[in-house]
Protein chains: 2
Amino acid sequence: MNVISFLQQTIHLGPEIEADLARIIVREQFPKNHILVRPGQYYRRLMFVEEGLIREHYLSMAGKDTTYRFHTEGSFVTADESFIDNQPSQYTFETLEDSVICSISHTDFEHILRQHPEFEQLHILVMHQLIREMKERITALQFQTATERYESLLKSQPSIFQRVSLGHIASFLGISQETLSRIRSKR
Amino acid sequence: MNVISFLQQTIHLGPEIEADLARIIVREQFPKNHILVRPGQYYRRLMFVEEGLIREHYLSMAGKDTTYRFHTEGSFVTADESFIDNQPSQYTFETLEDSVICSISHTDFEHILRQHPEFEQLHILVMHQLIREMKERITALQFQTATERYESLLKSQPSIFQRVSLGHIASFLGISQETLSRIRSKR
DNA sequence: TTTGCTTTTTGACTTTTGTCAAAGACTCTG
DNA sequence: CAGAGTCTTTGACAAAAGTCAAAAAGCAAA
């Protein structure tokens with residue numbers, strides 16, 4: 001799904017806006033396992049996954065690699081610490097598949113918002129969506145068992161299991177790889 | 001801290017805006033243990049805690065009561081499902097202390113945003129703050145041990161322990177009351 | 001197809017956390 | 001201040017999840 005078409009699902013884009021966008025959006029192709037953003041890096045771009053899959057993960061001081069979340073086609077992605085707070089990212093962003101990523105700079109983003117206020121609507125929509133997802137995630141981590149979280153993921157994003165290694169999924173669920181393997185074997 | 005003063009820390013309010021706000025803001029006093037919003041209720045108001053403490057919690061189908069979060073003086077609070085999505089709230093909001101709560105309706109909020117675009121700035125700021133906190137919360141729940149989460153809370157909000165019962169804090173941390181008690185006894 | 005590499009599973013054991021029940025401490029009210 | 005009620009701690013045990021190590025399975029390239 002193309003960014004522009006994606007935007008058009010939500011708001012009307014006049015021809016001049018479309019031209020504006022086409023000028024500032026950068027479309028790039030990345031191979032599998034490419035690191036897009038590494039910890040400590042300032043990355044002030046808003047990304048949109050057109051094809052492929054990004055894994056966002058965290059490296060603890062103990063050196064453990066924990067998946068914070070997966071971003072699939074059709075999602076907006078930012079290194080929040082950088083994009084929102086102008087701080088170095090704490091997380092790593094890497095492609096897990098060959099991916100096509102469109103992105104615009106923070107400056108252009110602000111510019112667009114100022115010039116075309118109808119985008120503010122969309123901006124807020126995206127943040128609302130994010131808040132909704134995060135709230136669900138928190139309650140799941142807070143009071144569901146590992147098995148329940150596994151079942152939910154299986155229901156909400158079954159395709160992830162075809163695309164991502166179980167180790168990464170386990171850390172996303174907040175459990176060890178072995179525990180996930182055992183949960184899976186019991187059915 | 002008064003809402004208006006609080007707002008003035010971030011944005012400039014001309015005298016007419018202030019008058020506008022004073023007209024639509026409802027200031028109410030509630031006793032301890034008062035239920036502000038219950039599950040199933042549509043509650044489309046943006047609240048601001050001027051004094052006191054709100055506990056937001058969830059009732060699982062098993063009847064277990066789990067604290068989603070605490071809202072102390074100086075925070076904006078909404079029943080997200082209602083305010084954002086116009087759906088019934090899934091969570092309960094109750095005061096844990098005598099509290100003073102200012103609130104405005106969703107309609108007035110939208111109205112203010114339209115009439116005084118400088119509020120959009122603040123609106124986004126508040127959402128960014130929320131996203132930041134939620135992200136930290138998710139990573140904590142995902143890969144910290146109960147003890148680490150306890151230590152963090154003790155550091156970030158020590159006063160909570162004077163104000164809230166340990167049972168509520170335990171469920172907020174995602175552990176049983178007994179586990180929390182044992183963590184505390186080991187120091 | 002064989003080899004080497006990565007991912008996944010399994011087993012044995014340890015640690016962490018949960019559950020249930022009871023005792024103790026604390027608080028508020030009459 | 002006594003007594004009821006609530007909150008917190010403790011003990012004994014059970015369940016869930018983590019760790020370490022090794023085997024098995026899957027995959028890709030020579």
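In what follows, chains carry the letters A, B, and so on, assigned in the order in which the sequence lines appear, proteins first and then strands, with residues in each chain numbered from 1.
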To the nearest Å, give me how far apart [atom1] ([X]) and [atom2] ([N]) are.
{"X": "R163(A)", "N": "dT7(C)", "atom1": "CZ", "atom2": "C1'", "value": "19 Å"}
{"X": "F143(B)", "N": "dG18(D)", "atom1": "CZ", "atom2": "P", "value": "14 Å"}
{"X": "N33(B)", "N": "dT27(C)", "atom1": "CG", "atom2": "P", "value": "16 Å"}
{"X": "R149(A)", "N": "dA16(D)", "atom1": "CZ", "atom2": "C1'", "value": "11 Å"}
{"X": "L173(B)", "N": "dG18(C)", "atom1": "CG", "atom2": "C1'", "value": "15 Å"}
{"X": "I183(A)", "N": "dT8(C)", "atom1": "CD1", "atom2": "C1'", "value": "14 Å"}
{"X": "I175(A)", "N": "dT15(C)", "atom1": "CD1", "atom2": "C1'", "value": "17 Å"}
{"X": "L96(B)", "N": "dT27(C)", "atom1": "CG", "atom2": "C1'", "value": "17 Å"}

> Between F161(B) and Y150(B), is the ring centre distance below 6.0 Å?
Replying inline: yes
>> Measuring centre to centre across the rings, with the benzene-like ring taken for any Trp, is H106(A) within less than 6.0 Å of F83(A)?
In response: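 When the ring centroids of H106(A) and F83(A) are compared, they turn out to be within the sub-6.0 Å range.
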>> Assuming nearest nucleotide by heavy-atom distance, tell me which of K32(B) and Q144(B) is located more 5' along DNA chain C.
In response: Q144(B)
Output one line per pair: protein atom, nucleotide atom from nucleotides 6-10 of chain D, and distance, for all N/O pairs under 3.5 Å.
| unit_1 | atom_1 | unit_2 | atom_2 | d |
| --- | --- | --- | --- | --- |
| dT8(D) | OP1 | L166(B) | N | 3.1 |
| dT8(D) | OP2 | L166(B) | N | 2.9 |
| dT8(D) | OP2 | G167(B) | N | 3.4 |
| dT9(D) | OP2 | S181(B) | OG | 3.2 |
| dT9(D) | O5' | S181(B) | OG | 3.3 |

>> For the CD atom on Q115(A), are there more than 12 heavy atoms of other groups (residues, nucleotides or ligands in this structure) within a distance under 6.0 Å?
In response: yes
> OP1 or OP2 of dT17(C) sitting under 4.0 Å from any side-chain N/O of T179(B)?
Replying inline: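 False: T179(B) side-chain N/O out of range (4.0 Å or more) of dT17(C) OP1/OP2.
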>> Can you list everything that forms a ring pair (Phe, Tyr, Trp, His ring centres under 6.0 Å) with F6(A)? Sequence neighbours excluded, please.
In response: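 Applying ring pair (Phe, Tyr, Trp, His ring centres under 6.0 Å) to F6(A) gives F48(A), F76(A).
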> Between R55(B) and F172(B), is NZ or CZ placed under 6.0 angstrom from the six-membered ring centre and within 45° of the ring axis?
Replying inline: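 No, cation not above the ring by the 6.0 Å, 45° rule.
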> Considering all heavy atoms of both residues, which atom of V164(A) and which atom of H168(A) are nearest to each other, and what is their separation?
Replying inline: CG1-CB, 3.6 Å
